[in-house]
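Residue numbering restarts at 1 for every chain, and letters A, B, ... go by the order of the sequence lines. Given the structure is predicted, the values throughout are model-derived calculations rather than measurements.
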Amino acid sequence: QLSPFRFTVKRLFSTSHSSVDSKEMKKFQLLAHKWWDEEGEFSALHSMNDIRVPFIRDSLLNMSSNYHLGNPLAGVKILDVGCGGGLLSEPLGRLGASVTGIDPLEDNIRTADQHKSFDPVLAKRIQYKSSSLEEIVEESMETFDVIVASEVVEHVADLEMFIKCCSQVLKPEGSLFITTINKTQLSYVLGIVVAEKIIGIVPEGTHEWEKFVPPEELERLLEANGFSVKAVNGMLYNPLSGSWSWMESTSINYAVHAVKSGAQGQSSPTDTPSEMESEQPSATV
Amino acid sequence: TSLVMAAVCCRGLLSPFCGRLRAGPRARLRSVATASPPLYDVVVSGGGMVGSAMAAALGHDIHFHGKKIALLEAGPRKEYGRVPDSYSNRVSSISPGSATLLSSFGAWDHVCSLRLKPFRRMQVWDACSEAMIVFEKDDLDDMGYIVENDVIMSALTKQLDAVADRVEVFYRSRAVGYTWPLPSHSCDTSPWVQIELADGRRLQTKLLIGADGHNSVVRKEAKIKNVEHRYDQSAVVATLHLSEATDNNVAWQRFLPTGPIALLPLSDTASSLVWSTSHEHASELLSMDEESFVDSINSAFWSNVNHSDFIDTAGFFFFSAIALLRPSGTAVRQLPPSVAEVDPESRAMFPLGMGHATEYVQHRVALIGDAAHRVHPLAGQGVNLGFGDIACLAHHLSAAAFNGSDLGSLKHLLKFETERQRHNVSLIAATDVLKRLYSTRLAPLVLLRTWGLQATNALPPVKVRI
């Protein structure tokens, strides 16, 4: 089964409590052990790694002047919000990062824990917690270098709250990576009508078009909450080849890289003079 | 089977654990709590030229820093400080592409400092006619290199030593059993390939690369079907000394009805013999005295006993037609050197066959070299195909490592398989066809191949593709 869009738990973030829709929970309980079937329900998410991992990796390498051969993300602390079965946490861990993966569904965390347990290197580098983002804010103020929220924000009730929480747990000048779905006629036709109602590759009712987030809206909220948006790239899924690619237009899926402004509100790292670039060894082969 | 039952049951349960079910013989290993065998990122089974080069290529790859690689070799360590005076009778023709691969991890320098012979020209001709084809590079580059297999092994061993912190070589170790994981594990069975060695030691790996030759155990255990065919031919090899010193930068091959005979230059005074012929003739050649052996070789290259007037005339007319239409399309025929003596005890023979695996890859398994494809030596391509496999697989694994992917994932392994099968199948098929075409004296086929050879010689675009 091919699903161009990930269906995940709908998390409702509110100022006073975080509640999770129990109907959604039940649906994903059945799927909790299917995460790691590369040809199964989550195959599109597996193949999304082919573009989102290089996107994260290269954005971070471009910003830093350290490069450890074989472990390009060594020393980087990453928070994977809505990590599911750990599909994105594991490659980031293999690249050397210390990853904390959180997901409100316990079964997802169990699957993720079990999958990483066989690889001693990953078992050490990745920690999973069954939790919502708000629940960890207090103990994790300004702890992480990077937050990744991939295929999550289209399920969040209060997006501004979510972004504020991200800002709180991120270190100054830390990076936030988001991948999500645009709110356009095209995304309605392809994402809901075709995917859910016609071909049926996404269970009906998984996505609510009302919750989709246009990039302009996301950018506005990010900039209003202390982030500087560095890159917005459109993504395209080809159901025939089962692979993702970058595209100019953000009308369906897209990815965003934003950087939290520094402690004194100084300019972002990419504005620093070219001497930093000349010090970096080339990251690509 | 119990395996299928276990797989079905595993998926049917709602809980991510199916702890009480053990999958059948496929995944014997229990939970991680018991002392697990050491886990490697890549294990290469087979430490011949191709296996060792694969391990060395990965060991020197920048994206493999910090990864653990193991190489399993049944034989002892092969290396020498300086070359022995006599030549080994097992040599390979190394293409410029293979030389590039070897130099990418520093092995080619060692080869050059030990011993090798570049050649500039290849002359291939028929015993039943005057038809001939010459391969030559217009520029001053070498067409290829004749290198003793021991020299290549020594160079590879040195480069493996250089990355000993990443590549662990197990000499005198033979793998006797492999246990494969289920493709998408949702149970608490190990997702890695389990390897059992003859001495009882066990290893685990995320990716197993089978480089264990044409009788590959990895391929058999993985139940990969192999299309194979034994030729009714054996190859006789020997080290020969020429009658007189010469530039000796030409590789010679003549197609006799019984099989091709080739003379590959080793030095100004020595050449290596590769003579593919029937099993009986091969045994005869090995048992005859040295003088008769040398006579047979010279006669094979020089005698015209297989010519027939009809073919000669037909060939001559075609040749003149070409000379008229494409004056540059005919080349000067050179005469191969004559042989004076053979190195005592350098004569040996081995049977020939062809083989091609229907799949090169499976979940967590990849085949390279003769384990994937076996070819007749008439085209001098055997080890070059293996080195080509290495260049392709190392490229894909390097990219996968830089993306943080699971190294044993079929996604990138299939890319390797597609690329290499596309390249290899046509070459192996063509070699097989050539072998059969040249194994006959029948006039129509001889005429066909005579004209074919002459035409090919006259047409640069076709020659360049070869």
**Greater than 12 external heavy atoms within 6.0 Å of B/His423's NE2** = no
**Item:** Closest non-hydrogen atom pair, B/Phe402 against A/Pro72
**Value:** CE1-CG, 4.0 Å
**Asked** Considering residues at least two apart in sequence or located in another chain, which fulfil the salt bridge (Lys or Arg N to Asp or Glu O under 4.0 Å) criterion with B/Asp389?
**Response** B/Arg420
**Message:** As an exercise, state the distance from CG of B/Asp61 to CG of A/Leu69, rounded to the nearest 0.5 Å.
**Reply:** 10.0 Å
**Request:** With a 4.5 Å cut-off on heavy-atom pairs, point out which of B/Ser409, B/Gly404, B/Ser405, B/Ala399 contacts chain A the most.
**Result:** B/Gly404
**Prompt:** Between CG of B/Asp41 and CG of A/Asp119, what distance do you get to the nearest 0.5 Å?
**Reply:** 7.5 Å
**Prompt:** Highest number of heavy-atom pairs under 4.5 Å with chain B: which of A/Val121, A/Leu92, A/Ile56, A/Asp50?
**Reply:** A/Asp50
**Message:** Does any part of the side chain of B/Lys411, heavy atoms only, come nearer than 4.5 Å to the side chain of A/Ser47, both counted from C-beta?
**Reply:** yes
**Request:** Write down the atom of B/Trp192, the atom of A/Phe118, and the distance for their closest heavy-atom approach.
**Result:** NE1-O, 3.0 Å
**Asked** Of all residues at least two apart in sequence or in a different chain, which pass the side chain to side chain contact (heavy atoms under 4.5 Å, CB included) check with B/Asp165?
**Response** B/Val163
**Heavy-atom side-chain proximity of B/Asn403 to A/Pro54 below 4.5 angstrom** = yes
**Message:** Exactly one of A/Glu90, A/His46, A/Arg94 should register a side chain to side chain contact (heavy atoms under 4.5 Å, CB included) with B/Asp406. Which one does?
**Reply:** A/Arg94
